[in-house]
Amino acid sequence: MKRFSPAILQFPELWPDETIYSLLAKIARVNGIGHFEAIGLLLGTDRPMTVIGCPVDLRHFYEATEGAYGSPSALLRKLTILPMLANLGVTSISSLKDVENGNKRPELGALIFGINRGCQWRICSECADRDRKIYGIAYWHKVHQLQTSQYCPEHQLKLVRFDLGRMRLHYHLFLPHDLKSNIVDTDDHPTNEIRNTLLDISLLGRDALADDMPPYAADITQATFKQGLERFEILKATGELDLQEYFAEFARKFGTDASASKLLRLAKASKPSQLLNGLVDFTRFCRHSSASSL
């Protein structure tokens, strides 16, 4: 197989809110090279065995693209969701430097979704139409691939979801127009309240993605959580989370069991307590802090 040198590759422009995966797919198409060859040349793996699971050497990508898309720090910010995850405390701030300099090599899927499994590929029909008018094709937007995104934050439309098994993702770099036959026709009809809640969550995801300010200190974040929990009156006098009251508030907020089940399914949770994530640990922190101050 003829191996291309990065020096003779053409590098298309980066479009607004574009994922690194989408950019790699464009580079492969513009240069007429195979998908494995493209990621091998650009991501720093000599003999890649997978596309979506390929480790990404961001320093190598910067050098292979001759700085066309900015410094490794700019690549991390513009093409991935890792800075957002670090700001939210999902991953450490210090790990970003390791990714920038190539010492840490996350899988390609993790740079798009933040996870390596259970990826949900989505587009907004309005955004896709606009992209086609401006650029000729639709592409993958970072904000639409967030696990929190069920609606487009800009157009407030339910996102179109694609059924794309991981096995196919091992071999191909897909763009939305490749997947017309893979659209999932959902029959979800949430109540207005649930729809508005899911839209609010999508808007929060967009804002978190755009936030490039230094993260708040942990004690400020904890105090904010505590204030919110107190406002909903679901904390016990001891500072512990009152799970029974939480479940009751959940039922009051989202109505019938069927509606709640639908919301949980959309959130990939099997029970309301899973939606708390780190909040239970936080209430333990409150309890220990209160005890230590006595």
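Everything numeric here is computed off the predicted structure, so don't read it as measured data.
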> Hey, does the side chain of Thr91 reach the backbone of Leu85 with a donor-acceptor pair shorter than 3.5 angstrom?
Replying inline: no
> Shared ILVMFWY cluster between Tyr171 and Leu164, side chains joined below 4.5 angstrom?
Replying inline: yes
> Looking only at heavy atoms, which two atoms of Phe174 and Tyr21 are closest? And how far apart?
Replying inline: N-OH, 2.7 Å
> Just how far is it from atom CZ of Phe113 to atom CD of Glu107, taken to the nearest 0.5 Å?
Replying inline: 12.5 Å
> Is the closest side-chain heavy-atom distance between Glu154 and Cys127 below 4.5 Å?
Replying inline: yes
> Is a side-chain donor or acceptor of Asp211 paired with a backbone partner of Asp207 at a separation under 3.5 angstrom?
Replying inline: no
>> Please evaluate residues Ile123 and Asp131 with respect to the criterion side-chain contact (heavy atoms from CB on, under 4.5 Å), reporting the C-alpha separation (whole Å), side-chain torsions for both, the decisive distance (0.1 Å), and the verdict.
In response: CA-CA 11 Å; Ile123 62 168; Asp131 294 342; over 6 Å; no
> Going through the distances and angles, do Gln156 and Arg195 end up as a side-chain contact (heavy atoms from CB on, under 4.5 Å)?
Replying inline: CA-CA 10 Å; Gln156 302 188 6; Arg195 179 196 177 278; 4.0 Å; yes
> Who pairs with Ile93 by side chain to side chain contact (heavy atoms under 4.5 Å, CB included), at least two apart in sequence or on another chain?
Replying inline: Ala86, Asn87, Pro215
> Could you go step by step and tell me if Leu23 and Leu79 meet the side-chain contact (heavy atoms from CB on, under 4.5 Å) rule?
Replying inline: CA-CA 9 Å; Leu23 181 59; Leu79 293 174; 4.1 Å; yes
>> Could you report the tightest heavy-atom contact between Arg206 and Pro153, atom names first, then the distance?
In response: CD-CB, 3.7 Å
>> Which label fits Tyr135 and Trp15: parallel for a plane angle under 30°, tilted from 30 to 60°, or perpendicular past 60°?
In response: parallel
> What closest approach, in Å, do Cys54 and Leu43 show between heavy atoms, and which atom pair accounts for it?
Replying inline: SG-CD1, 4.1 Å
>> Within a 6.0 Å radius of atom OH on Tyr62, are there more than 12 heavy atoms belonging to other residues, nucleotides or ligands?
In response: no
> When the ring planes of Phe61 and Tyr69 are compared, do they come out parallel, tilted or perpendicular, using 30° and 60° as the limits?
Replying inline: parallel
>> Is there a continuous path of hydrophobic side-chain contacts, each under 4.5 Å between heavy atoms, that joins Val143 to Met213?
In response: no
>> Within the 4.5 Å heavy-atom criterion, are Pro72 and Asn101 side-chain neighbours or not?
In response: no
> Is it true that Lys226 and Glu230 make a salt bridge, defined as a side-chain N closer than 4.0 Å to a carboxylate O?
Replying inline: yes
> Does the side chain of Leu9 reach to within under 4.5 Å of the side chain of Ile33, using non-hydrogen atoms?
Replying inline: yes
>> Please check: side-chain N/O of Lys26 versus main-chain N/O of Leu175, any donor-acceptor pairing under 3.5 Å?
In response: no
> How long is the gap from NZ on Lys104 to OG on Ser95, to the nearest 0.5 Å?
Replying inline: 4.0 Å
> Can you tell me how far OG of Ser22 sits from CG of Asp17, rounded to the nearest 0.5 angstrom?
Replying inline: 10.0 Å
> Pairs in or reaching into residues 70-90: which pass ring-ring contact (aromatic ring centres under 6.0 Å, His included), with residues at least two apart or in two chains?
Replying inline: none
> Could you state the interatomic distance from CG (Leu198) to CG (Leu203), rounded to the nearest 0.5 Å?
Replying inline: 11.0 Å
> Heavy-atom distance under 4.5 Å between the side chains of Leu209 and Ile81, does that happen here?
Replying inline: yes
>> Within the 4.5 Å heavy-atom criterion, are Leu204 and Thr148 side-chain neighbours or not?
In response: no
> So which heavy atom on Ala28 is nearest to which on His35, and how close?
Replying inline: CB-CD2, 4.1 Å
> Sub-3.5 Å donor-acceptor pair from the side chain of Tyr139 to the main-chain atoms of Thr19, do we have one?
Replying inline: no
> Is any side-chain heavy atom of Ile27 closer than 4.5 Å to a side-chain heavy atom of Pro12?
Replying inline: yes
> Quick one: CG on Asp129 to NE2 on His155, what's the gap to the nearest 0.5 Å?
Replying inline: 9.0 Å
> Honestly curious: do Leu159 and Ile112 fall in one hydrophobic cluster under the side-chain, below-4.5 Å linking rule?
Replying inline: no
>> Hydrophobic clustering (ILVMFWY, side-chain heavy atoms < 4.5 Å, transitive) - are Met49 and Leu42 grouped together?
In response: no
>> Could you report the tightest heavy-atom contact between Leu75 and Gly70, atom names first, then the distance?
In response: CG-O, 3.8 Å
> Between Ser94 and Ser92, do the side chains contain an N or O donor and an N or O acceptor separated by less than 3.5 Å?
Replying inline: yes
> Between Leu24 and Val30, is there a shared hydrophobic cluster once you connect ILVMFWY residues whose side-chain heavy atoms come closer than 4.5 Å?
Replying inline: no
> How many angstroms lie between OG in Ser149 and CZ in Arg161, if you round to the nearest 0.5 Å?
Replying inline: 13.5 Å
> Do Leu179 and Trp121 touch side chain to side chain, with heavy atoms closer than 4.5 Å?
Replying inline: no
>> Using side-chain contact (heavy atoms from CB on, under 4.5 Å), reason through Val99 and Thr80 one step at a time and then give a plain yes or no.
In response: CA-CA 11 Å; Val99 176; Thr80 83; over 6 Å; no
>> Checking the side chain of Arg122 only, and the main-chain atoms of Lys158 only, is there a donor and an acceptor separated by less than 3.5 Å?
In response: no
> Looking at side-chain heavy atoms only, is the closest gap between Glu37 and Leu41 below 4.5 Å?
Replying inline: yes
>> I'd like to know if Asp178 and Arg29 make a salt bridge, using a cut-off of under 4.0 Å between side-chain N and carboxylate O.
In response: yes
>> Restricting to non-hydrogen atoms, name the atom on Cys152 and the atom on His144 that form the minimum distance, rounded to 0.1 Å.
In response: SG-NE2, 3.6 Å
